[in-house]
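Have a look at the structure below before the remarks.
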Protein chains: 2
Amino acid sequence: MAKSKSLEACPVYKTAMILDGKWTILIFRDLLANKVVRFNELRRSLGSISPKTLTERLTELEDQGLVSRKVYAEVPPRVEYSLTEKGKGLSAVFDSMAKFGDKWLR
Amino acid sequence: MAKSKSLEACPVYKTAMILDGKWTILIFRDLLANKVVRFNELRRSLGSISPKTLTERLTELEDQGLVSRKVYAEVPPRVEYSLTEKGKGLSAVFDSMAKFGDKWLR
DNA sequence: CAGCATCCTTGGAGATACTG
DNA sequence: CAGTATCTCCAAGGATGCTG
């Protein structure tokens with residue numbers, strides 16, 4: 001979903017832009033289910049995502065304040081991802097989507 | 001958002017697939033606001049969508065049973081689009097997205 | 001009016017190899 | 001382990017002209 005000018009005012013549209021991307025909702029799903037996840041852990045649970053794409057999505061989500069990234073100064077490196085309060089705010093959206101899906105899709 | 005195998009079971013994911021596409025949520029927005037809309041009317045209110053794309057989206061939505069298409073045997077032709085009950089079922093999703101947007105975005 | 005047929009462009013994502 | 005750097009590709013959309 002590419003950006004559309006003139007709609008940056010619509011809260012529904014802005015929320016939709018957050019959820020855009022082939023893997024985004026799956027990342028949220030994992031982060032909602034597990035409080036804290038590491039990079040390769042997330043990568044494995046998503047299945048076939050490339051590291052480039054995962055990094056891109058996570059960086060975007062972090063820049064939007066939806067995901068927090070904690071780096072531990074260890075060897076080997078450890079990085080943990082989790083949802084911020086803002087990110088957790090999306091759970092209501094997911095709930096309503098689940099309800100719709102359960103009722104109308106298959 | 002391209003399809004991902006193995007997730008056709010997740011109701012959230014399936015709902016997200018419905019909403020995918022650059023113009024889809026905007027089309028729903030118009031159809032939720034106005035009970036009935038004609039092709040060029042929709043086209044104008046969306047702004048810069050190409051007729052090809054609008055036809056594609058509407059056909060998809062019709063195939064999914066979300067939008068109903070009524071053709072009147074008149075000259076010039078008149079075609080009216082509106083939401084089905086299933087389509088209206090998405091309003092709860094839009095509501096929760098609006099709430100999130102209002103609270104967290106801007 | 002409501003599309004359809006064509007051609008073209010773009011960027012999101014995949015694959016793979018490499019590094020601090 | 002957690003990424004970065006490249007290269008490649010395809011499908012979603014855009015632009016435009018035509019038609020029943």
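Every heavy atom of this structure was used, including side-chain atoms; hydrogens, water molecules and symmetry mates were not. By convention in this document, chain letters (A, B, ...) are assigned in the order of the sequence lines, proteins followed by strands, and residues within each chain are numbered from 1.
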Item to check | same_hphob_cluster(Leu61(A), Val71(A)) at 4.5 Å side-chain heavy-atom cutoff | outcome: yes
Item to check | Options dA13(C), dA2(D), dT16(D), nucleotide nearest the side-chain atoms of Trp23(A) | outcome: dA13(C)
Item to check | Leu46(B) CG to dG14(D) C1', straight-line distance once rounded to whole Å | outcome: 15 Å
Checklist entry - Hey, what do you get for CG (Leu90(B)) to CD1 (Ile18(B)), rounding to the nearest 0.5 Å? => result 6.0 Å
Checklist entry - Between atom CZ in Arg57(B) and atom P in dA12(D), what is the gap in whole Å? => result 8 Å
Checklist outcome for this item: Between CD1 of Ile49(A) and C1' of dG12(C) the distance, given in whole Å, is 12 Å
Next on the checklist: Assuming nearest nucleotide by heavy-atom distance, tell me which of Arg44(B) and Pro77(A) is located more 5' along DNA chain C.
Outcome noted: Arg44(B)
Next on the checklist: Tell me whether the side-chain N/O atoms of Arg69(A) come closer than 4.0 Å to OP1 or OP2 in dG3(D).
Outcome noted: yes
Checklist entry - Any donor and acceptor pair, going by atom type alone, linking the side chain of Thr59(B) with main-chain N or O of Thr55(B) inside 3.5 Å? => result yes
Next on the checklist: Please tell me if Lys22(B) has a side-chain N or O lying less than 4.0 Å from either OP1 or OP2 of dG14(D).
Outcome noted: yes
Checklist entry - Between the base of dG13(D) and the side chain of Lys52(B), is there any donor-acceptor pair under 3.5 Å? => result yes
Item to check | Trace of the side chain to side chain contact (heavy atoms under 4.5 Å, CB included) decision for Tyr81(B) with Arg38(B) | outcome: CA-CA 6 Å; Tyr81(B) 293 91; Arg38(B) 301 178 61 173; over 6 Å; no
Checklist outcome for this item: Rounded to whole Å, CD1 of Ile25(A) lies from P of dG12(C) at a distance of 18 Å
Next on the checklist: Less than 4.0 angstrom between a side-chain N/O of Tyr81(B) and OP1 or OP2 of dC1(C), yes or no?
Outcome noted: no
Checklist entry - So what does Tyr72(A) touch, heavy atoms closer than 4.0 Å: a base, only the sugar-phosphate, or nothing? => result nothing
Checklist outcome for this item: Rounded to whole Å, the CD-C1' distance (Glu74(A) to dC1(D)) equals 11 Å
Next on the checklist: Can you see if the side chain of Thr53(A) gets near the phosphate of dG14(C) - specifically, an N or O under 4.0 Å from OP1 or OP2?
Outcome noted: yes
Checklist entry - Atom CD of Glu56(B) and atom P of dG13(D): how far apart are they, to the nearest Å? => result 8 Å
Item to check | Nearest listed nucleotide, side chain of Thr55(B), among dA15(C), dG3(C), dA2(D) | outcome: dG3(C)
Checklist entry - OP1, OP2 of dA2(C) versus side-chain N and O of Arg38(B): anything below 4.0 Å? => result yes
Checklist entry - What is the nucleic acid contact for Arg43(A), judged by heavy atoms within less than 4.0 Å: base, sugar-phosphate only, or nothing? => result nothing
Checklist outcome for this item: Rounded to whole Å, CD of Glu80(A) lies from P of dC1(D) at a distance of 14 Å
Checklist entry - How about Ser82(A) and Ser68(A): does a side-chain donor come under 3.5 Å of a side-chain acceptor? => result yes
Checklist outcome for this item: Rounded to whole Å, CG of Leu42(A) lies from C1' of dC1(D) at a distance of 14 Å
